[in-house]
*Asks:* 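Quick one: structure below, then a few questions.
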2 protein chains.
Amino acid sequence: MKLNEFIAINGTSLTKEAGEYLFRQGDHDQSLYIVKSGLLKAYYLSADGKENIKSFILPGSNIGSLMASYAGKPSTFSLVCLKPCELTVLQFAALYEASRTDAEISAAIVDFLLGFGIKKEVREYELLCLSAEDRYKKLVENTPEILNLVTQNEIARYLGITPVGLSRIKKRLAS
Amino acid sequence: MKLNEFIAINGTSLTKEAGEYLFRQGDHDQSLYIVKSGLLKAYYLSADGKENIKSFILPGSNIGSLMASYAGKPSTFSLVCLKPCELTVLQFAALYEASRTDAEISAAIVDFLLGFGIKKEVREYELLCLSAEDRYKKLVENTPEILNLVTQNEIARYLGITPVGLSRIKKRLAS
DNA sequence: TTGTGGAATTAACCCAAGTTAAAAGTCATG
DNA sequence: CATGACTTTTAACTTGGGTTAATTCCACAA
């Protein structure tokens, strides 16, 4: 079976308003979410209340907690809608089962996970090797569309710095 | 076929001395390496010659450049032996092919990639959310054995700081 | 035993980013 | 258009970690 077909059969539709949560840090939500429209953010909240943004999720991409879905542990991050969202929801277990019995689905999952791995490696590289300023420059260069979708506050939290810090970086680059 | 069998049939043995490279940043090495014994490090070298360590690879784990193997791009990091190593080498393409035709192998790959994804997410979390000091404390707590295997210099480069910085952190924690 | 070379520590100085707080800008809503 | 709630900028001060260089510590070889 094609992955698309599988999703059409097994997925359910869901709409959410801006501000609504799909799951929160600590939850055991074992769903995968496919974004049809809207915008979401995945973020960590530290013990002292500081927010760090893991990623923004745009239409066409997917998100879910691997920790909760595959490892059976509480999710390490929260997932919230920044804009009204239309989603397709799939149970991780259903897809995982299908990957065990259907070669076409298994192949699609392998490709998805390989692509996912590369994305994670890129993010790891940026956080390990680049300065905040370089990360900002790279963001402006590679995905400028994000800049119009979220506040600067959120860009900063994605880059791993504070809004004040990002404001200073912008000033530095402008001169 | 079991993944183990596949590796036994398709893998080739390789031994390397400390200091020898398996590939260098920029290479298009499309091999996967399974570590039987020894110790390796994967690291990025920045334009101004600074080293940042992506990971240490211990016996029982695997490594290869996803960028080179799957995306066909130059590897973003180098892979070098820190101790003499016994390795099994596998061509990524062979394994990928096999995953397309053999359900058991495909299942094993899916599990491997899911585990890999979780590891990358943990590292991403640490780099995004924790201070260098917290990252060091977590390392001491979770994988203290590493501390005896590599120099403090290398621990520092793995944590994303300089050896001088790490020395200060240790002093701070000792008092 | 004594060099010798790398590893780790320490010191002095510097800078990027954090923190706090105030000011200025932006925008939606009554 | 006025109010209030954010968002962004700016300023002043603090701090963690970088840089450079000197010093101390080892381990190992001659």
Side-chain angles (χ1 to χ4, degrees), chain A residues 17-20 39 41 43-53 56 80-84 126-140 144-175, chain B residues 17-20 39 41 43-53 56 80-84 126-140 144-175:
Chain A
E17 293 309 307
E20 287 193 273
L39 176 67
K41 81 172 170 189
Y43 70 96
Y44 302 101
L45 207 56
S46 68
D48 52 337
K50 273 173 211 126
E51 177 177 323
N52 286 97
I53 298 180
F56 300 107
V80 64
C81 299
L82 294 180
K83 296 191 186 303
E126 290 171 358
L127 290 169
L128 179 62
C129 300
L130 302 184
S131 66
E133 181 172 324
D134 288 341
R135 291 200 292 276
Y136 176 68
K137 285 195 286 194
K138 204 151 182 266
L139 179 70
V140 169
E145 63 276 15
I146 278 285
L147 302 172
N148 308 315
L149 295 175
V150 304
T151 66
Q152 196 161 304
N153 200 307
E154 280 162 329
I155 296 289
R157 296 305 180 186
Y158 173 73
L159 296 173
I161 58 178
T162 61
V164 177
L166 179 53
S167 179
R168 276 191 291 239
I169 287 174
K170 284 178 66 177
K171 191 178 183 181
R172 220 154 60 211
L173 292 178
S175 59
Chain B
E17 293 308 309
E20 286 192 273
L39 176 67
K41 81 173 170 189
Y43 70 95
Y44 302 101
L45 207 56
S46 68
D48 53 337
K50 272 172 213 129
E51 176 177 324
N52 286 97
I53 298 181
F56 300 107
V80 64
C81 299
L82 293 180
K83 298 192 185 302
E126 290 171 358
L127 291 169
L128 179 63
C129 299
L130 303 183
S131 65
E133 180 171 326
D134 288 341
R135 290 201 292 276
Y136 176 67
K137 285 196 285 195
K138 202 149 182 265
L139 180 71
V140 169
E145 64 275 16
I146 277 286
L147 301 173
N148 308 314
L149 295 175
V150 303
T151 66
Q152 197 161 301
N153 200 308
E154 280 162 331
I155 296 289
R157 295 304 180 187
Y158 173 73
L159 296 173
I161 59 179
T162 61
V164 177
L166 178 53
S167 178
R168 275 192 292 239
I169 287 174
K170 283 177 66 179
K171 190 176 183 183
R172 221 154 60 209
L173 293 177
S175 60

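We name chains A, B, ... by the order of the sequence lines, and we start the count at 1 in each one. As the structure is a prediction and not an experimental result, all values here were calculated from the model.
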*Asks:* Rounded to whole Å, how long is the line connecting atom CG of A/Leu147 with atom P of D/dT8?
*Replies:* 11 Å
*Asks:* Of all the heavy-atom pairs spanning A/Leu166 and A/Ala156, show the shortest one and how long it is.
*Replies:* CD2-N, 3.7 Å
*Asks:* Identify, residue by residue, the members of residues 129-137 of chain A with a heavy atom below 4.0 Å from DNA chain C, and return them in order of residue number, or none.
*Replies:* A/Ala132, A/Glu133
*Asks:* Can you tell me the distance, in whole Å, between the CG atom of B/Asp48 and the P atom of D/dT20?
*Replies:* 11 Å
*Asks:* Using whole Å, report how far CD of B/Glu51 lies from C1' of D/dT19.
*Replies:* 18 Å
*Asks:* Can you find a heavy atom in the side chain of A/Lys83 that is under 4.5 Å from one in the side chain of A/Leu149?
*Replies:* yes
*Asks:* Looking only at heavy atoms, which two atoms of A/Leu82 and A/Ala18 are closest? And how far apart?
*Replies:* O-CB, 3.5 Å
*Asks:* Verify the contact: side-chain N or O of B/Thr162 to OP1 or OP2 of D/dG17, cut-off strictly under 4.0 Å; return yes or no.
*Replies:* no
*Asks:* Answer yes or no: is there a side-chain heavy-atom contact under 4.5 Å between B/Tyr136 and B/Ile161?
*Replies:* no
*Asks:* Check whether any side-chain heavy atom of A/Leu147 sits under 4.5 Å from a side-chain heavy atom of A/Leu139, and report yes or no.
*Replies:* yes
*Asks:* Heavy-atom distance under 4.5 Å between the side chains of B/Leu127 and B/Arg135, does that happen here?
*Replies:* yes
*Asks:* Between the protein and nucleotides 6-10 of chain C, list every N/O to N/O distance that falls short of 3.5 Å.
*Replies:*
residue: C/dA8; atom: OP1; partner: B/Gln152; partner atom: N; Å: 3.0
residue: C/dA8; atom: OP2; partner: B/Gln152; partner atom: N; Å: 3.0
residue: C/dA8; atom: OP2; partner: B/Asn153; partner atom: N; Å: 3.0
residue: C/dT9; atom: OP2; partner: B/Gln152; partner atom: NE2; Å: 2.3
residue: C/dT9; atom: OP2; partner: B/Ser167; partner atom: OG; Å: 3.3
residue: C/dT9; atom: O5'; partner: B/Ser167; partner atom: OG; Å: 3.4

*Asks:* Less than 4.5 Å apart, side chain to side chain, heavy atoms only: is that true for A/Tyr158 and A/Lys41?
*Replies:* no
*Asks:* Rounded to the nearest angstrom, tell me the gap between atom CD1 in A/Ile161 and atom C1' in C/dG18.
*Replies:* 11 Å
*Asks:* Within a strict 4.5 Å, meaning less than it, do heavy atoms of the A/Arg157 and A/Pro163 side chains meet?
*Replies:* yes
*Asks:* Using a cut-off of strictly less than 4.0 Å, decide whether B/Arg172 has a side-chain nitrogen or oxygen near OP1 or OP2 of D/dG16.
*Replies:* no
